[in-house]
Structures are given as C-alpha cells and as structure tokens.
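To start, the structure under review is shown below, and the notes come after it.
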Amino acid sequence: MSAAADDAPVSRRELIRQAATELFAQCGFRGTTIRAIAERAGVDPALVMHYFGSKEKVFSAVIREAMRAETFLPEVLDGTDEDLGRRLLRAFLRRWEDPDTQPLLLVVFRSAMEHPEASRLFREVASGEILLPLADRLETPEPQLRAVALGSLLVGLVSGRYVVRVESLADMTLDAVVDLFGPYAEQMISGRGDVDAPVPGTLRGAPGVGAESAPSGARD
C-alpha cells in the first residue's frame with residue numbers, strides 16, 4: 001500500500017472533524033447531525049460513523065483537539081507542587097490567548113454551555129485529560145475534589161474573560177490574571193491558609209473593588 005493510501009484515512013477523518021467543528025459553531029450541539037457533518041465534509045454518513053461511531057464521539061474529538069492537554073500539561077506537572085496551580089493557570093489560559101486556538105475553544109465552550117449532553121462530554125474530556133492527571137499528582141486530602149474545584153475556577157475565568165468578556169477582566173494582561181487568581185488556585189490545590197490575592201490596577205475600577213478608573217492593558 002502506498003504512503004498516499006496510508007495517509008488518506010487520516011485526511012478524511014480530519015476533514016470530518018473540521019466539518020463538525022464548523023457545524024457545531026454554526027448550529028450548536030443539538031442542531032448538528034451526522035448527515036449534516038457528512039454533507040459538509042463531502043463524504044457518506046456511513047464514513048462518519050466508521051471513524052467516530054456517533055455525534056457524541058465526534059464532539060469529543062473536537063473537544064480533545066481544542067484542549068490539546070498533551071501540549072501543556074507536561075510542562076505544568078514538571079516541577080514542584082509549590083506553584084502547581086499558577087503553572088496550570090498560565091498554561092491553560094495561554095491556549096485561550098492564542099488566536100490560532102481560541103476560536104475552536106470558543107466553539108467547544110459555547111456548545112457545552114448550550115446542551116446538557118455536550119456539557120457532560122466536555123466534563124468527561126476535561127476530567128480525563130486535565131483534572132485526573134492533576135489529581136494523581138496531588139499529595140493532599142481529597143485530591144480529586146481539589147482538582148475539580150480548580151477546574152471550576154478555570155471555567156469561570158474562561159467565561160468571564162473570553163466568552164462574556166467582562167470588561168475589567170477581559171482587559172487585564174495574562175500576568176495580571178495569574179497574579180490575581182494564582183493564590184486561589186494554589187489554595188485549592190494545597191488546602192492551606194487564607195487567600196490574600198493582590199488587586200491589579202486594571203480591576204480597581206470594577207464594581208465592589210474600588211473607585212479608581214481602570215486603564216486598559218494589553219494582553220500577553
């Protein structure tokens with residue numbers, strides 16, 4: 001068999017995944033069908049089922065491609081536990097800062113927020129590829145609960161900074177976000193002490209934080 005023939009199944013599978021990503025972005029999880037994915041990809045619906053088995057598994061593949069935990073988790077876990085939360089926070093948010101990966105992440109996140117089944121799939125992938133490896137690393141009581149709590153913090157940050165785009169939070173630099181939320185991430189991992197996080201200047205104008213107006217900052 002030729003190299004071109006060997007590459008062909010991978011190319012068709014990727015074509016299907018890309019078509020599915022476009023449809024999830026346009027129609028959401030509920031409004032996307034196997035037949036529509038096949039039509040967009042220019043293949044028979046049976047081929048979509050051959051490679052993925054169901055719409056749910058297509059969506060899981062889209063989630064995995066968006067998250068690509070293997071691209072940042074090793075650098076997060078390579079080091080001491082002292083600043084593990086901050087490293088995860090920075091590495092995770094860098095993918096959201098990247099203009100090449102942010103559109104795909106937004107597709108996944110919005111679909112997960114719109115439909116219970118998509119939300120379940122999102123949690124399964126996030127838990128299996130990010131939170132559970134993190135929990136396995138933690139030498140603290142209830143490590144899985146702590147990993148889930150940290151995951152909740154990440155979801156809240158993503159929602160406020162990139163989806164809803166709360167002005168003060170969206171305008172902060174990545175360094176400022178890590179400085180502000182890093183202590184909370186560290187406490188969720190260690191379970192020790194109270195959090196006394198700094199208040200960056202870009203948040204001083206936010207309601208309930210302070211009266212000064214906040215200058216807009218450029219992101220990393």
Side-chain angles (χ1 to χ4, degrees), residues 17 21 59-113 119 121-140 142-166 168-193 195 197-200 202-203 217-220:
R17 188 195 62 77
T21 301
F59 188 66
S60 292
V62 172
I63 296 172
R64 287 187 173 88
E65 178 63 23
M67 290 187 173
R68 295 292 298 276
E70 73 277 6
T71 65
F72 67 83
L73 201 57
E75 70 177 83
V76 172
L77 299 178
D78 184 20
T80 67
D81 288 354
E82 184 175 350
D83 60 349
L84 183 59
R86 292 175 65 91
R87 293 201 306 273
L88 177 63
L89 188 62
R90 181 178 294 277
F92 180 78
L93 292 180
R94 273 177 179 164
R95 283 195 63 77
W96 283 89
E97 300 284 313
D98 188 338
D100 291 332
T101 54
Q102 188 184 98
L104 179 55
L105 287 164
L106 285 170
V107 167
V108 168
F109 192 86
R110 286 170 174 153
S111 293
M113 297 303 103
S119 180
L121 294 168
F122 181 87
R123 289 196 305 271
E124 286 182 357
V125 174
S127 296
E129 301 198 9
I130 298 177
L131 299 182
L132 288 182
L134 180 64
D136 288 342
R137 167 66 178 269
L138 302 181
E139 297 181 359
T140 57
E142 300 182 296
Q144 291 188 2
L145 178 60
R146 297 190 185 284
V148 168
L150 183 55
S152 298
L153 174 65
L154 295 177
V155 169
L157 273 174
V158 164
S159 180
R161 182 167 170 82
Y162 306 105
V163 182
V164 179
R165 293 192 58 80
V166 176
S168 297
L169 182 59
D171 289 343
M172 292 171 66
T173 64
L174 179 59
D175 284 342
V177 173
V178 174
D179 285 344
L180 179 62
F181 292 96
Y184 295 97
E186 296 298 337
Q187 188 194 42
M188 288 174 180
I189 286 177
S190 68
R192 297 191 301 268
V195 173
V199 179
T202 48
L203 276 187
R219 293 187 193 169
D220 280 2

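- Among all heavy-atom pairs drawn from S60 and L121, the shortest one is OG-CD2, 3.6 Å.
- One finds the CD atom of E124 at 10.0 Å from the OG atom of S119 (value rounded to the nearest 0.5 Å).
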Given E97 and R161, is the side chain to side chain contact (heavy atoms under 4.5 Å, CB included) satisfied, shown in steps? CA-CA 10 Å; E97 300 284 313; R161 182 167 170 82; 3.0 Å; yes

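- Looking at every heavy atom in both residues, A69 comes nearest to P74 through O-CD, 4.0 Å.
- Scanning both residues, R146 and M188, for their nearest heavy atoms gives CB-O, 3.1 Å.
- Considering CG of L89 and CZ of F181, their distance stands at 8.5 Å, rounded to 0.5 Å.
- In this structure, the separation between CZ on F109 and CZ on F122 is 6.0 Å, given to the nearest 0.5 Å.
- Rounding to the nearest 0.5 Å places CG of L105 at 7.0 Å from CZ of F92.
- Between the R95 side chain and the A66 main chain, a donor and an acceptor come within less than 3.5 Å of each other.
- Contact detail for P103 and P99: the closest heavy-atom pair is CD-O, 3.2 Å.
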Could you walk me through whether V125 and V108 pass the side chain to side chain contact (heavy atoms under 4.5 Å, CB included) check? CA-CA 11 Å; V125 174; V108 168; over 6 Å; no

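- One distance of note links CD of Q144 with CG of L131; it measures 9.5 Å at 0.5 Å rounding.
- A donor-acceptor pair is defined here as one N or O able to donate and one able to accept, closer than 3.5 Å; no such pair exists between the side chain of S159 and the backbone of V155.
- One finds the CG atom of L180 at 5.0 Å from the CE atom of M172 (value rounded to the nearest 0.5 Å).
- Ring planes of W96 and Y162: parallel class, angle under 30° (limits at 30 and 60°).
- In summary, of the residues considered (L145, I130, L88), a side-chain contact (heavy atoms from CB on, under 4.5 Å) with L150 occurs for L88 alone.
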Start with the C-alpha gap between R90 and D175, add the side-chain angles, then the distance that decides, and say whether side chain to side chain contact (heavy atoms under 4.5 Å, CB included) holds. CA-CA 8 Å; R90 181 178 294 277; D175 284 342; 2.8 Å; yes

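- When all heavy atoms are compared, the tightest approach of R17 to A61 is CD-O, 4.2 Å.
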Go through R86 and D179 one step at a time and tell me if the side chain to side chain contact (heavy atoms under 4.5 Å, CB included) criterion holds. CA-CA 8 Å; R86 292 175 65 91; D179 285 344; 3.1 Å; yes

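- When every heavy atom of L157 is checked against every heavy atom of L93, the shortest pair comes out as CD1-CD1, 4.4 Å.
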